[in-house]
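See below for the structure under consideration.
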Amino acid sequence: TPGALLRFWRTGQLRTPLSRVLLLGTLPGVVLGAVLRVTVLDEPQTILVVVGCVLVPLGSWLVLRRGRSRPAAEDRPLPRWVVPVALAVGVVGGVYGIGGGSILAPILVGFGFSVLEVAPAALAATFLTSVAGVLTYLLLSLEAGGDIAPEWGLGLGMGLGGLAGAYVGARLQTRLPERLLRRALGVLALALGLRYALAVFL
């Protein structure tokens, strides 16, 4: 995520109302989700199935939909549902460690936001909530029993590949047509949704 954020920061795409609103919802959500995962949810497969059932139709809609997204606008009021949805996604991310962008981006694009507008905001929310989630789990591991501390080696290994890939993706974003980006996001949401929905059976 930092690789893409660096690119978006240089182009000024991070300083948007959508970025601030997503952070307002996801940051407290991820802390709450981490606490719930450690203290209440021993086998939280049900939530994962629900997330899958949301992403499957949403991904299918993005793949098949032909309508255009509305253009980004600084003075456009954001829908009131964005904050509670971001909060819910933050909770799910805190429970499972799922990057919030993988859920938020298809939802926002499906409701008419441009991919060019959503990508920087969703990545910013994912990055900061990931940091908050790691710190929360680290603090919880000092008090709670069990193996809940972050796996630093695994995280750094995945991060090295993601760092380069996200930066390249951010550079390619403006060179690809909006329709292609929407459909690619739809395919990704559909694949993730099927994987989450089937998780309880695997």
Side-chain angles (χ1 to χ4, degrees), residues 1-10 13-14 19-20 22-52 55 85-107 118-173 185 188-189 191-202:
T1 310
L5 289 178
L6 177 62
R7 175 67 183 176
F8 287 134
W9 177 263
R10 289 176 176 175
Q13 292 175 265
L14 283 177
S19 298
R20 293 190 290 271
L22 292 186
L23 290 174
L24 182 65
T26 54
L27 278 176
V30 74
V31 175
L32 176 60
V35 173
L36 289 175
R37 180 66 182 93
V38 173
T39 60
V40 178
L41 301 173
D42 294 328
E43 296 294 335
Q45 297 295 331
T46 303
I47 301 176
L48 203 59
V49 173
V50 171
V51 172
L55 288 181
V85 167
L87 178 65
V89 169
V91 172
V92 173
V95 171
Y96 291 103
I98 299 170
S102 64
I103 303 174
L104 280 172
I107 292 174
V118 168
L123 281 173
T126 298
F127 176 69
L128 292 177
T129 52
S130 296
V131 173
V134 167
L135 293 176
T136 302
Y137 274 108
L138 186 61
L139 292 174
L140 290 171
S141 69
L142 300 177
E143 297 292 336
D147 188 16
I148 61 174
E151 288 282 352
W152 298 108
L154 180 62
L156 290 174
M158 292 189 295
L160 288 175
L163 180 68
Y167 187 82
V168 171
R171 289 185 64 89
L172 291 175
Q173 184 199 47
L185 182 62
L188 177 62
L192 287 172
L194 289 172
R195 176 64 182 86
Y196 294 159
L198 295 174
V200 70
F201 305 108
L202 299 178

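Owing to the predicted nature of the structure, the values given are computational and were not obtained by experimental measurement.
Take L154 and apply the side chain to side chain contact (heavy atoms under 4.5 Å, CB included) test, not counting sequence neighbours, and it matches E151, M158. Residues satisfying the side-chain hydrogen bond (donor to acceptor under 3.5 Å, both in side chains) criterion with S19, sequence neighbours excluded, are T16.
Between atom CG of residue L55 and atom CD1 of residue I107 there is a gap of 7.0 Å, rounded to the nearest 0.5 Å. Atom CG of L27 is separated from atom CG of L22 by 10.5 Å, given to the nearest 0.5 angstrom.
Among V31, V38, V35, the one residue that satisfies the side-chain contact (heavy atoms from CB on, under 4.5 Å) test with Y137 is V38.
Scanning both residues, T26 and A125, for their nearest heavy atoms gives OG1-CB, 3.8 Å. Summarising the geometry of A34 relative to L140, their closest heavy-atom pair is O-CD1, 3.7 Å, with the distance given to 0.1 Å. For the pair P106 and I103, the tightest heavy-atom approach, listed with the atom from each and the gap, is CD-O, 3.3 Å. Of all the heavy atoms in A132 and V30, the pair that sits closest is CB-CG1, 3.9 Å.
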Q: Determine, stepwise, if the pair T129 / V89 fulfils side chain to side chain contact (heavy atoms under 4.5 Å, CB included).
A: CA-CA 10 Å; T129 52; V89 169; over 6 Å; no

Q | side chain to side chain contact (heavy atoms under 4.5 Å, CB included) between W152 and V134, intermediate numbers included | A | CA-CA 10 Å; W152 298 108; V134 167; 3.5 Å; yes

